[in-house]
Each structure stands twice: as structure tokens, then as C-alpha cells.
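Just so it is clear, the structure is predicted and the values come from calculations on it, not from any experiment. Computation of the quantities below employed the complete heavy-atom set of this structure, encompassing side-chain atoms and omitting hydrogens, waters and symmetry-equivalent molecules.
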Amino acid sequence: MAGVTLTDIEADEDVAARAGATVYVCVTCRNPKDQEDGPRPGLTLARAAAKAAEGTGVTVCPVECLANCSRSLSAAMRCDGTWTYIFGGLEADRDAEALIEGARLLARAEDGLLPWRGRPEILKKGLIARVPPRDFTEGD
């Protein structure tokens with residue numbers, strides 16, 4: 001089975017939009033050492049992801065909390081009919097482009113699963129969970 005390459009993604013810029021690729025970024029996330037009243041790194045990550053998503057067809061949605069505080073910064077991604085992926089351990093100044101790249105890979109996945117091969121490293125080591133699509137039944 002052939003893997004998806006970055007060339008495949010770049011050749012079909014509309015695929016993320018057609019599949020409804022969305023990245024949800026927790027804007028209330030902060031690291032334990034961050035000051036309570038300081039700027040939230042989650043918001044910084046959301047803004048960087050929105051900038052990285054420009055022109056890709058991926059939508060970035062800020063959300064108040066993904067309830068993954070012990071492994072923040074957190075984000076999730078989904079497309080119509082795919083599994084939803086939840087990630088933690090993200091860095092505001094490093095991982096925005098990886099989230100968008102992952103959403104584009106997921107949008108191209110015919111089986112609805114984010115491929116391991118070609119996935120950015122942070123989306124391998126930072127995976128918290130994957131949640132099946134609403135219409136999933138075992139054996140699909």
C-alpha cells in the first residue's frame with residue numbers, strides 16, 4: 001500500500017476543504033510553570049495554526065478547553081467521516097505547521113485514519129487518543 005507524501009498533498013490543495021478538515025486548539029492551555037494571569041500559550045498556538053492554515057482549506061477553531069490539562073498544550077483534528085485525533089505536549093512556537101500538515105494527511109486518508117508514515121513526529125509522540133467517527137461500527 002502506497003503512503004501519502006507531501007507531494008501528494010501539495011498536488012491537491014482542495015482536499016482538506018472537501019473533507020471538512022478542522023483543527024481544534026485549546027486556547028486556555030498553559031504549562032504548569034506559566035503564570036496564571038500571563039498570556040496563554042494555547043492561544044498563541046491557535047493563532048499560529050490559523051496562520052499556517054491560510055490557503056490550505058483547513059479550518060482552525062479555537063476552543064476553551066479540551067480537558068487534557070496534564071498534557072497541554074492540546075489540539076484535536078477531524079474531517080468528515082474520519083476518526084478524531086487528540087494530541088498533547090504541543091509547543092506554541094513549534095507545532096502549528098505540524099497540526100495543519102496532519103489535518104491535510106487525514107483529509108487524504110481513504111480509510112479515515114491518520115497515516116503513521118509521513119506524520120509529523122509530534123503527532124506520533126503526542127497522540128493522546130483517537131475517537132471513532134459517529135457512524136462507526138466494529139468491522140468497518
Side-chain angles (χ1 to χ4, degrees):
M1 183 167 129
V4 175
T5 65
L6 291 180
T7 305
D8 296 333
I9 293 171
E10 291 165 0
D12 190 357
E13 295 178 3
D14 296 318
V15 72
R18 286 197 315 268
T22 304
V23 173
Y24 302 91
V25 181
C26 178
V27 297
T28 56
C29 270
R30 64 183 176 88
N31 296 309
K33 63 184 181 280
D34 293 335
Q35 293 181 355
E36 179 67 31
D37 60 349
R40 296 290 175 144
L43 180 58
T44 302
L45 178 60
R47 288 176 176 158
K51 184 171 177 61
E54 290 176 359
T56 66
V58 175
T59 300
V60 175
C61 280
V63 295
E64 287 294 318
C65 186
L66 289 173
N68 188 40
C69 301
S70 66
R71 293 212 32 211
S72 65
L73 307 176
S74 299
M77 69 178 61
R78 65 167 300 278
C79 298
D80 296 340
T82 70
W83 288 65
T84 298
Y85 287 79
I86 303 166
F87 302 96
L90 302 171
E91 295 288 334
D93 60 350
R94 179 192 70 198
D95 296 324
E97 289 183 12
L99 288 169
I100 304 311
E101 184 179 336
R104 294 180 77 194
L105 283 168
L106 183 58
R108 291 192 56 87
E110 292 181 18
D111 61 0
L113 297 170
L114 182 61
W116 189 258
R117 182 172 291 164
R119 184 188 303 189
E121 191 62 32
I122 188 62
L123 302 186
K124 291 178 180 179
K125 71 177 187 174
L127 179 63
I128 302 298
R130 66 178 191 180
V131 181
R134 181 176 33 197
D135 59 351
F136 176 81
T137 57
E138 192 63 46
D140 280 359

Tell me the closest heavy-atom pair linking [X] and [Y], and the distance in Å.
| X | Y | result |
| --- | --- | --- |
| G88 | N68 | CA-ND2, 3.7 Å |
| K125 | R71 | O-NH2, 3.7 Å |
| D95 | G89 | OD2-O, 4.4 Å |
| G112 | T82 | O-CB, 3.4 Å |
| P133 | G81 | CG-O, 3.8 Å |
| A48 | A92 | CB-O, 4.3 Å |

- Query: Can any side-chain N or O of R47 pair as donor or acceptor with the backbone N or O of L43 at less than 3.5 Å?
  - Reply: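 A pair under 3.5 Å: no.
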Determine whether a donor-acceptor pair (N or O, by modelled atom type, separation under 3.5 Å) exists between the side chain of T28 and the backbone of C26.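 Looks like no, no N/O pair under 3.5 Å.
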To the closest 0.5 Å, what do you measure between [atom1] ([X]) and [atom2] ([Y])?
| X | Y | atom1 | atom2 | answer |
| --- | --- | --- | --- | --- |
| L66 | S74 | CG | OG | 6.0 Å |
| M77 | T59 | CE | OG1 | 13.0 Å |
| L45 | R94 | CG | CZ | 10.0 Å |
| I122 | E91 | CD1 | CD | 7.5 Å |

Is the shortest heavy-atom distance from the side chain of [X] to the side chain of [Y] under 4.5 Å?
| X | Y | value |
| --- | --- | --- |
| I100 | V23 | yes |
| L99 | V60 | no |
| V27 | R40 | no |
| R130 | L114 | no |
| P120 | L105 | yes |

When L106, V131, I128 are each screened for side-chain contact (heavy atoms from CB on, under 4.5 Å) with Y85, the one that passes is L106
Checklist line | Linked, directly or transitively: W83 and Y24 (ILVMFWY side chains, under 4.5 Å) | finding: no
**Request:** Decide if atom NZ of K124 counts as having more than 12 heavy atoms of other residues, nucleotides or ligands within a radius under 6.0 Å.
**Result:** yes
